[in-house]
2 protein chains.
Amino acid sequence: MLNKLVAEHSVVAAQQKPSCTTCSLRDVCLPVGLDDAEVQHLSTLIKHKFRVRRGEYLFHAGADFKSLYAVKNGFFKASILKTDGRTQVTGFYMTGELLGLGAISLEKYSCDTMALEDSEVCEVPFAKLEEIGRAIPPLMNQFHKIMSREIVHDHDVMMLLGSMKAEERLATFLLNLSTRLSRRGYSSTEFNLKMTRHEIGSYLGLKLETVSRSFSKLQEEGLISISNKRVKLEKIAELYRKIGD
Amino acid sequence: MLNKLVAEHSVVAAQQKPSCTTCSLRDVCLPVGLDDAEVQHLSTLIKHKFRVRRGEYLFHAGADFKSLYAVKNGFFKASILKTDGRTQVTGFYMTGELLGLGAISLEKYSCDTMALEDSEVCEVPFAKLEEIGRAIPPLMNQFHKIMSREIVHDHDVMMLLGSMKAEERLATFLLNLSTRLSRRGYSSTEFNLKMTRHEIGSYLGLKLETVSRSFSKLQEEGLISISNKRVKLEKIAELYRKIGD
DNA sequence: CGCGTGATTGAGGGTCCTCAATGCCGGTGG
DNA sequence: CCACCGGCATTGAGGACCCTCAATCACGCG
């Protein structure tokens with residue numbers, strides 16, 4: 001339970017002021033589609049780069065909203081907690097993805113967001129983003145596309161939760177990770193899971209035992225190899241076929 | 001099956017040019033938070049008001065995206081269709097709500113969107129919305145809040161699909177409708193469902209028989225009365241208690 | 001090295017799905 | 001006007017899938 005401790009204070013501002021111009025994420029993050037001058041302008045709004053250590057929360061649901069956070073490196077999970085204690089993991093976020101989009105509506109963060117490994121995030125003050133967006137239409141447009149993508153992704157998860165069986169859900173999940181990783185230059189067939197079976201289950205609407213069994217089943221079928229957190233996708237095409245795509 | 005016929009052509013432009021200034025939805029739609037002059041300015045971008053008859057599609061997934069649509073009156077469902085034939089209803093939309101937000105990311109509509117009763121929508125050309133938004137910061141901000149609200153709502157649905165039982169899902173669904181209807185001046189305790197059991201089931205991740213059984217169960221427990229499409233919420237507080245809220 | 005957390009696997013039970021029959025309502029045509 | 005028909009809804013019986021509870025195992029960290 002140690003990693004559930006809240007540790008806002010240790011979310012310390014890091015060393016150097018970050019710059020989007022030299023960032024390796026220019027083609028997956030907010031700067032997509034901007035020219036050099038525009039990226040430079042965007043760069044002025046990124047105040048701080050924060051470090052968030054594994055198990056620490058970047059923000060909690062209900063806290064006042066001022067900034068979005070772009071994942072510079074690392075891995076996060078977002079989850080919501082109902083009053084009766086039930087939780088739901090609403091998403092996993094990797095390099096170049098934007099945290100906190102749900103907070104805009106009520107100006108309070110809508111999820112608890114925790115680092116699943118030591119991570120860094122760039123703080124994006126939202127009021128300034130709106131302001132600079134007015135001067136750089138392609139930036140505003142890119143931001144809208146990012147929000148829209150989150151909506152589409154959530155609809156895909158609804159499809160998954162609403163009408164797929166356990167093995168299909170897990171296969172879909174693995175293929176989604178694979179795609180996102182490969183877009184970032186990592187292997188699309190072999191990677192380490194940063195989350196536990198319990199967290200996967202919470203995301204997929206399954207109990208951890210079912211997740212475990214489904215991993216074993218996929219392995220028996222020869223579609224993947226799994227050992228603890230290490231996954232290898234052996235037959236990507238068949239995985240896609242399994243989920244009907 | 002007649003109401004599944006595609007009938008884009010009969011989605012005809014309607015008579016008069018609409019105006020946001022006199023619209024009864026000023027406090028639930030895009031104009032929220034704007035002053036009179038700003039609403040007038042916003043009004044210039046609303047090109048057409050369309051009629052969409054019950055069973056007709058406003059747009060289909062994959063079609064080129066140019067405009068969002070605000071529901072002027074009526075009721076819509078949005079759904080996604082996988083290549084293997086599975087469908088998922090991703091949302092129901094009523095007066096003052098915005099259709100097509102998922103289309104921004106890929107500039108193609110991401111869902112099929114159908115009217116469940118004779119309806120009217122205001123067309124909001126997206127490029128112009130971004131343009132006018134630059135001149136009216138509160139409009140842009142309101143738009144961001146609307147997108148954000150959709151994300152939060154989708155997360156709530158994920159919670160529902162991931163960790164609630166059939167009766168709880170249905171109770172949550174009814175209470176959500178109730179809230180949105182009362183915000184629009186309708187009864188929060190008695191209303192007509194515009195959708196079939198099948199559509200409710202698709203949204204809630206249940207089969208239509210289970211939806212029907214759950215209605216009956218809630219009725220036996222005295223929490224609601226249900227007769228065909230007519231629902232009456234008899235004990236709202238207990239319904240909330242049932243879903244752990 | 002031992003402890004704690006996380007993962008795997010099994011047995012049994014519950015919830016929801018599947019299949020099927022019946023009922024209801026509105027629309028259509030004889 | 002009534003009979004019929006199609007779509008929608010209800011209800012039942014049986015089975016599939018996943019959950020619950022529990023024991024065991026593996027791994028990493030102090």
Side-chain angles (χ1 to χ4, degrees), chain A residues 1-5 53-55 77 85-89 114 116-118 160-171 173-174 192-220 224-231 242, chain B residues 1-5 53-55 77 85-89 114 116-117 160-174 192-220 224-231 242:
Chain A
M1 278 296 145
L2 192 99
N3 63 4
K4 295 244 176 152
L5 284 176
R53 267 191 284 268
R54 182 184 138 93
K77 75 162 180 187
R86 280 186 275 209
T87 67
Q88 171 78 28
V89 170
M114 193 182 91
L116 295 183
E117 62 180 355
D118 293 351
L160 179 153
L161 292 169
S163 65
M164 291 183 134
K165 300 192 185 296
E167 268 184 71
E168 297 173 323
R169 295 186 196 189
L170 190 57
F173 172 68
L174 292 174
N192 285 311
L193 300 170
K194 307 300 182 186
M195 69 296 280
T196 66
R197 302 292 190 262
H198 179 79
E199 288 162 336
I200 296 173
S202 174
Y203 183 61
L204 298 180
L206 301 169
K207 294 296 160 183
L208 68 92
E209 296 94 329
T210 305
V211 173
S212 185
R213 272 185 255 269
S214 301
F215 270 131
S216 302
K217 207 85 172 293
L218 289 174
Q219 185 165 45
E220 285 165 31
I224 68 169
S225 302
I226 175 88
S227 167
N228 223 356
K229 306 256 186 192
R230 187 80 190 160
V231 200
K242 174 175 278 278
Chain B
M1 278 297 144
L2 191 100
N3 63 2
K4 295 243 176 153
L5 284 176
R53 266 190 284 269
R54 182 184 139 92
K77 75 163 179 186
R86 281 186 274 211
T87 67
Q88 171 77 29
V89 170
M114 192 182 92
L116 295 183
E117 62 181 354
L160 178 154
L161 292 169
S163 66
M164 292 182 134
K165 300 196 186 292
E167 269 183 70
E168 298 173 322
R169 296 186 195 189
L170 190 57
T172 306
F173 173 68
L174 292 174
N192 284 311
L193 300 171
K194 307 299 182 187
M195 69 295 278
T196 66
R197 303 292 190 261
H198 179 79
E199 288 162 337
I200 296 172
S202 173
Y203 183 60
L204 298 179
L206 301 170
K207 293 296 160 183
L208 69 94
E209 297 94 329
T210 306
V211 172
S212 185
R213 273 185 256 269
S214 300
F215 269 131
S216 302
K217 207 85 172 291
L218 289 174
Q219 185 164 45
E220 284 166 30
I224 68 169
S225 303
I226 175 90
S227 167
N228 224 355
K229 306 257 186 193
R230 186 84 190 156
V231 200
K242 175 174 275 280

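Below, chain A is the first sequence line, B the second, and so on; all start at residue 1.
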Query raised in the report: Could you give the NZ-to-C1' distance, from A:K217 to C:dA7, as a whole number of Å?
Result: 18 Å
Query raised in the report: To the nearest angstrom, how far is A:L206 atom CG from C:dT15 atom C1'?
Result: 15 Å
Report summary line: Expected string for nucleotides 9-17 of chain D under the B/S/- scheme (protein heavy atoms, under 4.0 Å, primed atoms plus P, OP1, OP2 as sugar-phosphate) is SBBBB---S
Requested in this report: Working to the nearest 0.5 Å, report the span between CD of B:Q88 and CG of B:L161.
Outcome: 6.5 Å
Report summary line: CG (A:L174) and CG (A:L193) are apart, to the nearest 0.5 Å, by 6.5 Å
Query - Nucleotide C:dC16, atom P - distance to CG of B:L160 in whole Å - result: 12 Å
Query raised in the report: Any side-chain heavy atom of B:V211 within less than 4.5 Å of one from B:F173?
Result: no
Query raised in the report: To the nearest Å, how far apart are A:K207 NZ and C:dG6 P?
Result: 15 Å
**Report entry** Whole-Å gap separating C1' (D:dC8) and NZ (B:K194)
**Finding:** 17 Å
Query raised in the report: Does the side chain of B:K242 reach to within under 4.5 Å of the side chain of B:L218, using non-hydrogen atoms?
Result: yes
Query - Spacing of B:E167 atom CD relative to C:dT15 atom P, expressed in whole Å - result: 10 Å
Query raised in the report: Sequence neighbours excluded, which residues qualify as side chain to side chain contact (heavy atoms under 4.5 Å, CB included) partners of B:R86?
Result: A:M159, A:S163, A:M164, A:E168, B:K82, B:D84
Query raised in the report: Whole-Å distance between C:dA7 C1' and A:E199 CD?
Result: 14 Å
**Report entry** Length of the CZ-C1' vector between B:R230 and C:dC25, whole Å
**Finding:** 17 Å
**Report entry** salt bridge (Lys or Arg N to Asp or Glu O under 4.0 Å) contacts touching residues 205-220 of chain B (sequence neighbours left out)
**Finding:** B:E167-B:K217
Report task. Identify whether any heavy atom of A:G201 sits under 4.0 Å from a base atom; if not, whether one sits that close to sugar-phosphate; answer base, sugar-phosphate or nothing. Result -> nothing
